[in-house]
Amino acid sequence: MLDKKCVILLLLCSLNWNTSFAQQIDDRPAVSVTATTTILIDSAESGPIIRAVQDLVRDLNKVFGTAPKVIHTLAEVNKNVPLIVVSCKGISTLPFRTSKINEFESHLITTTNANGIKAVVLQGADMRGTIYAIYSFSEKYLEIPPLWIWASYEPIKKAKILIPEKTYLYFPSPSVKWRAWFPNDKDLLSPWQAKNAENYDAIFETMLRLKLNTREGYLIDLGGWNTPYTASKEALYVRDRGLKISFTHTAPFGATFTNWERYWTTTRHLKKAPPLLLKNVDALKEFWTYHIETIKRAKLDVIWQIGFRGLGDKPFWRKTFVDAVDEPTEDKDRAAIINSMLALQIALLKKETGEANPLMKLTIYNEASDFLAKGLLNLPDEPNLILNYANVRGDHYPPEEMQNFDQKLAQKPIGYYLNFQFTGTGSHLVPGEGPWKMEQSYRYIAQKIKKPVAFSVVNTGNVREHCLELSANAAMMWNYASYQTDAFLKSYCETYYGKMHADEIAKLYKDYYYAFWLPRKSDIPGFDRQYVFQDLRYAKGLTQLITLWDWPYLANPFNDKNKGIGGAMATDGKQFSIVPADNNAKNQVDAAIIGTQNSAKNFELVLSKADALYQKLPVKEKLFFNDELRIPVQFMKEANTAFYNLVEGYRDKQLGKGTAAKMHVLSAFESIRLLKGIKAKSNHDRFSAWSVPEKNFGIDSIQNNLSNLLKKLN
């Protein structure tokens with residue numbers, strides 16, 4: 001008879017046997033995936049994993065022409081049918097799991113032979129790791145890449161896919177723990193998403209396929225105020241897709257002051273909202289508490305945002321808080337108010353959540369950035385507070401406080417917010433920053449803080465215009481140490497255009513980004529392309545000159561906030577960053593003529609190469625090549641030509657050359673007229689009306705203004 005200790009030991013061994021079963025006897029056989037394939041997933045797995053399996057079913061259907069059967073128990077398994085096992089914590093899939101996949105978001109694709117059942121196993125250490133395993137399988141073996149939606153990509157039909165013996169693809173934890181997108185300024189994306197459920201889901205699926213895990217978004221829709229504690233469609237979708245949610249610097253706890261009136265009059269049913277006053281602390285706390293409670297009730301997985309800014313993404317003392325418009329006026333006093341609000345928010349959050357150290361982030365941006373550089377911002381001493389630095393507004397490079405990083409902060413979690421687009425002065429309708437600049441930005445920061453960042457968020461609204469940049473960022477954030485832009489770009493081109501022309505297309509991408517006008521020399525040593533004249537700068541510049549046309553002539557028309565369109569960034573030339581001396585010119589007018597004339601020639605040369613290459617590509621690869629590269633090149637060629645001609649016309653008018661001025665304005669008009677048609681070339685298939693709602697560049701508005709100017713010149 002066995003003694004008690006032996007019985008206990010045998011029981012422990014039997015309990016552990018299933019968890020290590022696959023690794024103990026697994027010879028990792030070859031497995032054929034066919035049209036008869038069955039997917040096994042335990043019905044107790046989390047909703048986001050089950051949702052990702054639906055995408056796997058669709059992907060298999062695309063390849064084999066038949067949707068696979070999905071089963072939930074071992075009893076349903078047919079040993080003669082190819083099996084794909086999706087496993088995280090489910091009991092039914094326990095015999096197929098290895099116990100060694102347990103690090104944050106790590107995942108595995110392997111094959112196994114458990115109890116005579118051959119299977120492909122897609123396993124994750126946690127929910128998102130399992131989702132990433134599903135999409136990694138789709139990418140690796142079904143050849144459906146992460147950008148398949150945006151690339152109008154259709155996989156090759158197959159009868160069988162062989163998963164080789166000894167397959168063991170292990171993906172360790174990411175280098176950057178929190179990897180986010182912030183889709184902002186969505187003039188093209190939002191109308192497209194609203195058309196149907198598939199379009200709405202596209203960005204979330206893409207994020208997961210690229211192995212991102214956080215979405216910066218909005219907590220409450222307009223209609224949500226009618227029913228208390230109702231989270232937005234977007235927030236709930238983020239939750240159901242398995243992503244974390246966070247909010248921007250204008251929305252602590254997801255609360256924006258644009259909703260102040262709605263909360264008090266609609267949700268609280270008051271006739272009048274209390275005034276927004278700094279001294280009205282109880283009202284502020286109630287407003288913020290409501291948003292915290294909304295997040296809790298919706299069961300959102302959140303990185304809590306703290307911060308204190310005013311309406312319209314402006315400092316709190318501008319038009320928002322009546323008792324701060326006139327006073328205080330000193331930076332130290334304004335910073336003291338922000339400091340007190342941060343302390344209040346943290347105390348409130350801890351009280352409402354019951355967490356001693358909630359995961360939070362503070363975005364250091366604009367006045368917060370200025371105050372930190374002056375030593376006036378008191379950063380809360382919280383172990384889980386991410387200090388999220390932001391690129392310089394308008395020009396996208398590490399800010400002064402990162403250039404002069406205080407090493408005393410190096411032990412804290414550091415984040416970075418990078419714009420691939422920017423509504424005022426940045427890329428919007430075509431990409432402009434590029435993956436090389438993205439890489440050097442993050443490497444610059446890592447060098448300063450002696451480690452990769454803990455949190456990364458990139459701002460891009462319309463997604464489709466920034467596919468390469470977004471993909472490169474996601475790849476670098478997952479594997480910081482091995483990432484190299486040139487190697488990534490070659491792989492990217494092989495994926496979407498095939499190996500035959502990958503090298504040639506990769507070079508063309510680089511030629512495109514380096515064709516942009518650089519209106520000012522870099523002032524950070526070794527930092528390439530620090531100042532780029534992106535497409536929205538052309539829009540702003542054209543509008544500026546049209547507005548100034550009948551004013552007294554200005555040799556430097558691109559830096560005076562009191563003239564033309566102006567704006568906060570116009571001060572000190574930040575609206576355009578044109579430095580005449582850096583362009584071998586005496587003034588901004590001459591600099592713009594030299595810069596845009598050269599850039600137009602650069603883009604014309606790139607376009608000739610793109611046109612020649614386009615003719616050589618297979619039909620299935622031409623569509624994305626046209627959308628992704630050829631159209632942006634055409635767009636920037638005409639944008640440069642338009643700006644060059646209008647500046648020339650502006651100078652000719654000053655010189656009394658009326659006829660020449662008119663001809664230049666006419667040429668500018670023709671180039672702008674072409675822009676709409678160029679952008680419309682990307683309107684096809686599911687993107688049939690993609691460019692129609694365009695407004696941030698304002699092609700129609702600029703064309704109308706030029707038309708009116710021509711009428712005056714006749």
Side-chain angles (χ1 to χ4, degrees), residues 47-48 51-52 54-59 61-62 67 135 138 144-155 181-210 212 215-224 226 230-243 245 420-421 423 427-431 459-468 470-471 496 620 623-624 626-628 631-632 635 675-700:
R51 175 63 186 82
Q54 293 176 17
D55 289 340
L56 178 59
V57 169
R58 180 201 59 208
D59 291 353
N61 190 19
K62 280 177 172 286
Y135 290 126
S138 186
I144 298 179
L147 299 175
W148 75 270
I149 295 169
W150 315 95
S152 302
Y153 188 95
E154 287 297 328
W181 278 5
F182 172 41
N184 189 28
D185 310 315
K186 303 179 290 184
D187 56 336
L188 308 186
L189 182 67
S190 290
W192 180 78
Q193 282 186 303
K195 286 184 175 181
N196 54 59
E198 290 78 13
N199 288 0
Y200 190 83
D201 179 64
I203 189 171
F204 301 97
E205 178 182 333
T206 304
M207 288 181 68
L208 290 167
R209 284 183 179 270
L210 290 173
L212 298 164
R215 167 70 177 260
E216 288 208 356
Y218 301 93
L219 180 59
I220 302 175
D221 293 330
L222 286 179
N226 297 314
T230 301
S232 68
K233 175 183 178 181
E234 177 180 83
L236 296 177
Y237 213 98
V238 168
R239 177 198 67 189
D240 294 344
R241 266 302 201 165
L243 296 161
I245 192 167
F420 282 131
Q421 68 170 52
T423 305
S427 302
H428 190 69
L429 291 183
V430 297
N459 181 330
T460 175
N462 291 325
V463 179
R464 196 174 176 219
E465 281 69 23
H466 304 274
C467 285
L468 169 62
L470 290 167
S471 299
Y496 294 101
K620 69 183 183 66
L623 201 57
F624 190 48
N626 201 48
D627 293 344
E628 173 90 337
I631 287 173
F635 191 97
L675 289 185
K676 194 176 186 73
I678 290 169
K679 192 62 185 172
K681 292 177 183 178
S682 66
N683 300 343
H684 56 76
D685 303 312
R686 70 188 299 172
F687 301 104
S688 60
W690 177 260
S691 72
V692 173
E694 187 280 309
K695 64 179 181 180
N696 284 354
F697 188 98
I699 296 173
D700 288 339

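What's counted below: heavy atoms across the whole structure, side chains too, no hydrogens, waters or symmetry copies.
Among residues two or more places apart in sequence or in another chain, the side chain to side chain donor-acceptor pair (under 3.5 Å) test is passed with Arg215 by Glu234. Not counting sequence neighbours, the partners of Asp55 by the salt bridge (charged side-chain N to carboxylate O under 4.0 Å, His left out) test are Arg51, Arg58, Arg241.
We find that Lys233 and Asp221 are not joined by a salt bridge, their nearest charged nitrogen and carboxylate oxygen being 4.0 Å or further apart.
Remark: Cys467 SG to Asp627 CG distance equals 9.0 Å, nearest 0.5 Å. Atom-to-atom distance recorded for Trp150:CH2 and Asn462:CG is 9.0 Å, nearest 0.5 angstrom. Interatomic distance, Trp690 CH2 to Trp192 CH2, rounded to the nearest 0.5 Å: 6.0 Å. Atoms CG and CG, from Leu188 and Asn696 in turn, are 8.0 Å apart once rounded to the nearest 0.5 Å. The line from CD of Glu465 to OG of Ser691 is 9.0 Å long, rounded to the nearest 0.5 Å. Rounding to the nearest 0.5 angstrom, the gap separating the CZ atom in Arg686 from the NZ atom in Lys195 is 11.0 Å.
Ser138 and Asp59 form a side-chain donor-acceptor contact under 3.5 Å, judged by distance and modelled atom types alone. Asp201 and Tyr237 share a side-chain donor-acceptor pair at under 3.5 Å.
Proximity of Trp148 to Pro155: side-chain heavy atoms (C-beta onward) are nowhere separated by under 4.5 Å. At a threshold of 4.5 Å between non-hydrogen side-chain atoms, the residues Tyr496 and Pro145 count as touching. Proximity of Ser471 to Leu147: side-chain heavy atoms (C-beta onward) are separated by under 4.5 Å at one or more points. Contact check for Glu198 versus Ile149: no side-chain heavy atoms found under the 4.5 Å cut-off. A heavy-atom distance below 4.5 Å is not found between the side chains of Ile220 and Thr230. Between Asp700 and Lys676 there is a side-chain heavy-atom pair separated by less than 4.5 Å. Side-chain contact between Asp685 and Leu623: present, with at least one pair of heavy atoms (C-beta onward) separated by less than 4.5 Å.
Contact record, Asn61 with Ala67: OD1-N, 3.4 Å, taken as the closest heavy-atom pair. Contact detail for Ala235 and Ser232: the closest heavy-atom pair is N-OG, 2.9 Å. Minimum interatomic distance between Pro693 and Pro191 (heavy atoms only, all atoms of both residues): CG-CG, 3.8 Å. Nearest heavy atom pair, residue Ser688 against residue Asn683, reads O-CB, 3.0 Å. Nearest heavy atoms, Ser152 versus His684: OG-CE1, 3.4 Å.
Looking at Asp187, its side chain does come within 3.5 Å of a backbone N or O of Lys695 through a donor-acceptor pair. Of the possible donor and acceptor atoms, none in the side chain of Thr460 sits under 3.5 Å from a partner among the backbone N and O of His466. A donor-acceptor pair is defined here as one N or O able to donate and one able to accept, closer than 3.5 Å; no such pair exists between the side chain of Asn184 and the backbone of Asn459. Using modelled atom types, one side-chain atom of Lys679 and one backbone atom of Leu429 make a donor-acceptor pair closer than 3.5 Å.
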Taking it one step at a time, do Thr206 and Val463 satisfy side-chain contact (heavy atoms from CB on, under 4.5 Å)? CA-CA 10 Å; Thr206 304; Val463 179; 5.6 Å; no
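Applying the salt bridge (charged side-chain N to carboxylate O under 4.0 Å, His left out) test to pairs two or more places apart or on separate chains, those with a residue in residues 145-154 are Lys62-Glu154.
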